[in-house]
Amino acid sequence: MRYWLMKSEPDEVSFDDVLAAPDRTVAWFGVRNYQARNFMRDQMQVGDGILFYHSSCAVPGVAGIARVASGAYPDATQFEEGGKYFDPKATRETPRWISVDVQALAQGRYLPLTELRAVPELEDMVLLQKGSRLSISPVTPGQWKKILALAGLS
DNA sequence: GCCAACGTTGGC
DNA sequence: GCCAACGTTGGC
């Protein structure tokens, strides 16, 4: 059982969108970074905890918690010619990018990035490191507990 | 829109 | 394999 932070642009997929989806579950598509992909491929397991983070928006922050709801499978968007996530080097036989299913679990108090930065126990979070751009990053059990407490979800 | 930081590409 | 050029991320 591991914990992760996953970034989504709310204009594309917000936490509310996941809550409203059938079975509160969506495919996590569009990862185009090898380090993030490898976390999904090599380390994620069904049941892992997810901090659902809103990026590139007016108030970036943690919007809710979710769980990994499937193993890895090929990301369908890599084959969509003309689409934003099309990858000409990917083939059906040798896909390059993968997805997992993500199921929303609970929505607590919204935790803005600025607030997270002010919490001493969270200063080692990958998210908060200078220049960190990873769309999927590991979260320690201690960081997970702290954030759930801050969100009122403990 | 700006720009720092980082990742990828491709010529050599 | 190096590294300059270019592209992307994402907070502000």
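Order of the sequence lines sets the chain letters (A, B, ...), proteins ahead of strands, with each chain counted from 1.
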Q. Which listed nucleotide (B/dT8, C/dG10, C/dC12) is nearest to the side chain of A/Tyr34?
A. B/dT8

Q: Just compare C/dG11, C/dG10, B/dA5 and give me whichever is closest to any side-chain atom of A/Tyr53.
A: C/dG11

Q | Separation of atom CG in A/Asn33 from atom P in C/dG7, rounded to whole Å | A | 18 Å

Q.
OP1 or OP2 of C/dG10 versus the side-chain N and O atoms of A/Lys7: is any pair under 4.0 Å?
A. yes

Q: Can you tell me the distance, in whole Å, between the NE2 atom of A/His54 and the P atom of C/dC12?
A: 17 Å

Q | Ion pair A/Arg37/A/Asp75, N-O distance below 4.0 Å | A | no

Q. What integer distance in Å separates A/Asp87:CG from B/dT8:C1'?
A. 12 Å

(Q) Side chain of A/Gln35, heavy atoms from C-beta onward: which of B/dT8, B/dG7, C/dG10 has the nearest atom to it? (A) B/dG7

Q. Could A/Arg96 and A/Asp87 be called an ion pair, given the rule that one side-chain N must be under 4.0 Å from one carboxylate O?
A. yes

Q) Parallel, tilted or perpendicular for A/Tyr34 and A/Trp97, by the 30°/60° rule? A) tilted

(Q) Just the rounded figure in Å: distance from C1' of B/dA5 to CG of A/Leu128. (A) 16 Å

Q. Atom NZ of A/Lys89 and atom P of B/dT8: how far apart are they, to the nearest Å?
A. 11 Å

Q. Does a nitrogen or oxygen in the side chain of A/Lys130 sit under 4.0 Å from OP1 or OP2 of B/dA5?
A. yes

Q.
Quick check for you: among B/dG7, C/dG10, C/dC12, whose closest atom lies nearest to any side-chain atom of A/Leu113?
A. C/dC12

Q: Using atom CG of A/Leu127 as one end and atom P of C/dG10 as the other, report the distance to the nearest whole Å.
A: 10 Å

Q | Gap between atoms CZ and P, on A/Arg133 and B/dA4 respectively (whole Å) | A | 14 Å

(Q) Can you tell me how the ring of A/Phe29 sits relative to the ring of A/Tyr85, calling it parallel under 30°, perpendicular over 60° and tilted otherwise? (A) perpendicular

Q.
Check this for me, if you would: do A/Lys145 and A/Glu121 make a salt bridge, where the nitrogen-to-carboxylate-oxygen distance has to be below 4.0 angstrom?
A. no

Q) Tell me: CD of A/Gln129 to P of C/dG11, nearest whole Å? A) 14 Å

